[in-house]
Protein chains: 2
Amino acid sequence: MKPVSNHGPDPSGSSEDRAGRGIPEATVARLPIYLRALTLLAERGVATASSEDLAATTGVNSAKLRKDLSYLGSYGTRGVGYDVEYLRYQIAREIGLTQDWPVVIIGLGNLGQALANYAGFGTRGFRVAALVDNDRARVGEMYGGVGVRHLDELDELVRERDVSIGVLTTPAAAAQPVADRLVRAGVTSILNFAPAVISVPAGVDVRKVDLSIELQILAYHELRKQVAGSMGAATLDLDDMVARAVGSP
Amino acid sequence: MKPVSNHGPDPSGSSEDRAGRGIPEATVARLPIYLRALTLLAERGVATASSEDLAATTGVNSAKLRKDLSYLGSYGTRGVGYDVEYLRYQIAREIGLTQDWPVVIIGLGNLGQALANYAGFGTRGFRVAALVDNDRARVGEMYGGVGVRHLDELDELVRERDVSIGVLTTPAAAAQPVADRLVRAGVTSILNFAPAVISVPAGVDVRKVDLSIELQILAYHELRKQVAGSMGAATLDLDDMVARAVGSP
DNA sequence: AAGAGCTTGTGAACGGGAGAACAAAATCCG
DNA sequence: CGGATTTTGTTCTCCCGTTCACAAGCTCTT
Ligand SMILES: NC(=O)c1ccc[n+]([C@@H]2O[C@H](COP(=O)([O-])OP(=O)(O)OC[C@H]3O[C@@H](n4cnc5c(N)ncnc54)[C@H](O)[C@@H]3O)[C@@H](O)[C@H]2O)c1
Ligand SMILES: NC(=O)c1ccc[n+]([C@@H]2O[C@H](COP(=O)([O-])OP(=O)(O)OC[C@H]3O[C@@H](n4cnc5c(N)ncnc54)[C@H](O)[C@@H]3O)[C@@H](O)[C@H]2O)c1
């Protein structure tokens, strides 16, 4: 949510408009999508792709895509398109995926186990470096080839394995205290799966993945669709419509 | 991504500014957060809460929060705040959580099993109505009290259990064909966990949950942090900085 | 070698959302 | 009963992101 560095426009008079280095947050969120599409194309042996091609496979408007890519530099060739392998590397470099990021997972329940067993991490620049739980009965269990350690060892693990990203899969009630411990241990990025708002000091990034929220957003639209479908036009007062839809399941 | 109905501003001259019924998408995405906070407060026996209180527990700016709530109607009392239980119900009604939404999960691998076993669904307005896989070896297994059925039975299950929301947890390669089957079966909302872009006809909503993308966004910021930390000021060319950070892990 | 045909990169217009600020309403208190 | 206080609902402004549109630049053909 809160950008870490001041990527803002340079207030100094030096009108070096050549966008110093502030890649918009919205663009950053799309770079991984482009990266995936490019990897796919590379696997298929495609050498070059136009912005229209990429737009088709990523579902992103081609103009937006070009503008996004232009923040990284001028890596395309007019009249031709983008060199798939070259662009793929440039994006990977920008995101920092030329190195492997060690990740610690906290809370080896249903979800934590699934994530620990997930092979897709490794192929995308991340490595499960440590698993941690506060349930001593779980300590020693293995998931994806990594053993579970106790929460008390967190500081040590983070330090010696140089972890800077933590994945939080504990119950909601434990989220804030665990987040505090992660921060104290030196973790500066947290991916939070627990349905809880956690607050962290400035300089620490938190991203939230919340299944229920996603479903509820779908439900909101679904409700509108049901209502719209159960009658012809849509010029009625929606309160009535909602009431009707809720009433008859 | 693509809104279903035309919530856009009415181009007709009727300046009925009283925002007919278009709740902004950004607001819809926050309503579940408010709902959760209100449920929490209600459990603690809190009767009323001001926008500042809610802002504190949800992490949302209080002005934004008030504006969001104002789209639903005037449910607050000036000088007092919002009645927790009343507001909670109003939001639940708006999202459609006064009814239970039956959900089908496709692909009972690591992730699908974790979701099927997850108890948090039921308490948030959703019910796992069916589990489907195309691996006959999995058919008959039970997760969270629901048995796995074969993909061939999808149409029947969706119809007879009145499912309109599908959760897609198959490998990426199967995502598009499975999505097509879901749509054909009558599902009109899909929550996609597979790292693949799926295209669906208009009228069908898709939301994507992509773990790797979230991690990659964190990695992007992490890289910038590492670079900024490994040197004093930040007036160097970033290409060099990135190269240095990448070079020394 | 020059023109035709693409495709990129970007300037400019536009729309939506975020946040500050304030007037309107309700309660509290003397 | 009236003014002080609190908190909502809303208006206004600003900023970010999206989209359009097109000139610049590259390749291919003739
Ligand atoms: N399972 C799902 O599909 C799913 C879906 C959406 C959200 N979530 C959320 O993800 C989180 C985990 O879900 P789950 O189903 O895996 O829960 P779970 O109860 O199966 O697992 C929680 C794990 O966290 C451990 N734990 C508890 N307190 C801890 C602490 N203080 N420090 C370290 N470890 C601790 C427990 O020992 C347990 O192993 C929950 O917040 C849940 O709401 C889960
Ligand atoms: N496991 C994770 O933690 C995790 C994390 C992020 C993303 N994902 C993504 O979620 C998806 C599932 O991951 P997983 O680890 O559970 O994989 P998995 O291989 O363990 O499970 C996939 C399941 O889907 C079933 N399946 C395959 N093709 C099917 C089809 N056409 N129709 C119905 N079912 C089919 C398989 O039989 C299997 O049971 C993948 O796309 C993965 O990339 C998983």
Side-chain angles (χ1 to χ4, degrees), chain A residues 1-3 6-11 15-20 22-31 33-34 38 46-56 58-84 86-87 90-91, chain B residues 1-3 6-11 15-20 22-31 33-34 38 46-56 58-84 86-87 90 217:
Chain A
M1 283 297 136
K2 191 177 304 175
N6 52 338
H7 296 300
D10 188 357
S15 64
E16 177 215 17
D17 261 5
R18 169 74 187 85
I23 297 187
E25 202 46 38
T27 295
V28 171
R30 282 188 294 268
L31 290 180
I33 303 178
Y34 306 150
L38 288 165
V46 177
T48 65
S50 70
S51 63
E52 288 291 348
D53 295 339
L54 288 172
T58 58
V60 174
N61 177 300
S62 70
K64 197 195 309 187
L65 195 149
R66 284 199 299 280
K67 182 161 278 191
D68 283 345
L69 295 182
S70 77
Y71 288 114
L72 310 188
S74 285
Y75 295 138
T77 308
R78 298 178 183 214
V80 178
Y82 300 90
D83 181 291
V84 170
Y86 183 57
L87 182 59
Q90 292 301 337
I91 295 179
Chain B
M1 282 298 136
K2 190 177 303 174
N6 52 337
H7 296 299
D10 188 357
S15 63
E16 178 217 14
D17 261 5
R18 169 74 183 84
I23 298 187
E25 202 48 36
T27 296
V28 171
R30 282 188 294 268
L31 290 181
I33 303 177
Y34 306 150
L38 288 165
V46 177
T48 64
S50 70
S51 63
E52 289 290 348
D53 295 339
L54 288 172
T58 58
V60 174
N61 177 299
S62 70
K64 198 195 309 188
L65 194 149
R66 284 199 299 279
K67 186 180 282 188
D68 284 344
L69 294 182
S70 76
Y71 288 114
L72 310 188
S74 286
Y75 296 138
T77 307
R78 297 175 185 220
V80 177
Y82 300 90
D83 181 289
V84 170
Y86 182 57
L87 182 58
Q90 292 301 337
I217 295 172

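Remember, predicted model here, so these are calculated numbers, not experimental data. Every chain is numbered from 1 and lettered A, B, ... according to where its sequence line falls, protein lines coming before strand lines.
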Among [options], which is the nearest nucleotide to the side chain of [X]?
X: Pro24(B); options: dT10(C), dT7(D), dG17(C); value: dG17(C)
X: Ala26(A); options: dT18(D), dA20(C), dG9(D); value: dT18(D)
X: Arg66(B); options: dT10(C), dG9(D), dT8(C); value: dG9(D)

Inset, instruction - Start with the C-alpha gap between Leu69(A) and Tyr75(A), add the side-chain angles, then the distance that decides, and say whether side chain to side chain contact (heavy atoms under 4.5 Å, CB included) holds. - result: CA-CA 8 Å; Leu69(A) 295 182; Tyr75(A) 295 138; over 6 Å; no
For atom [atom1] of [X] and atom [atom2] of [N], their distance in whole Å:
X: Lys64(A); N: dA21(D); atom1: NZ; atom2: C1'; result: 17 Å
X: Leu72(A); N: dT10(C); atom1: CG; atom2: P; result: 12 Å
X: Glu52(A); N: dT8(C); atom1: CD; atom2: P; result: 8 Å
X: Asp68(A); N: dT8(C); atom1: CG; atom2: C1'; result: 14 Å
X: Glu25(B); N: dG16(C); atom1: CD; atom2: C1'; result: 12 Å
X: Lys67(A); N: dT8(C); atom1: NZ; atom2: P; result: 15 Å
X: Arg78(A); N: dT7(C); atom1: CZ; atom2: P; result: 14 Å
X: Leu54(A); N: dT7(C); atom1: CG; atom2: P; result: 12 Å

Has [X] got a side-chain N or O lying under 4.0 Å from the OP1 or OP2 atom of [N]?
X: Arg30(B); N: dA18(C); value: yes
X: Asn61(A); N: dG17(D); value: no
X: Tyr82(A); N: dC26(D); value: no
X: Ser51(A); N: dT8(C); value: yes

Inset, instruction - Determine the minimum heavy-atom distance between Ala55(A) and Val60(A), stating which atoms define it. - result: CB-O, 2.9 Å
Legend entry - DNA chain C: 5'-proximal contact among Leu69(A) and Thr77(B) (nearest heavy atom): Leu69(A)
Inset, instruction - Assess whether side chain to side chain contact (heavy atoms under 4.5 Å, CB included) is satisfied between Leu87(A) and Leu54(A), documenting all intermediate values. - result: CA-CA 12 Å; Leu87(A) 182 59; Leu54(A) 288 172; 4.2 Å; yes
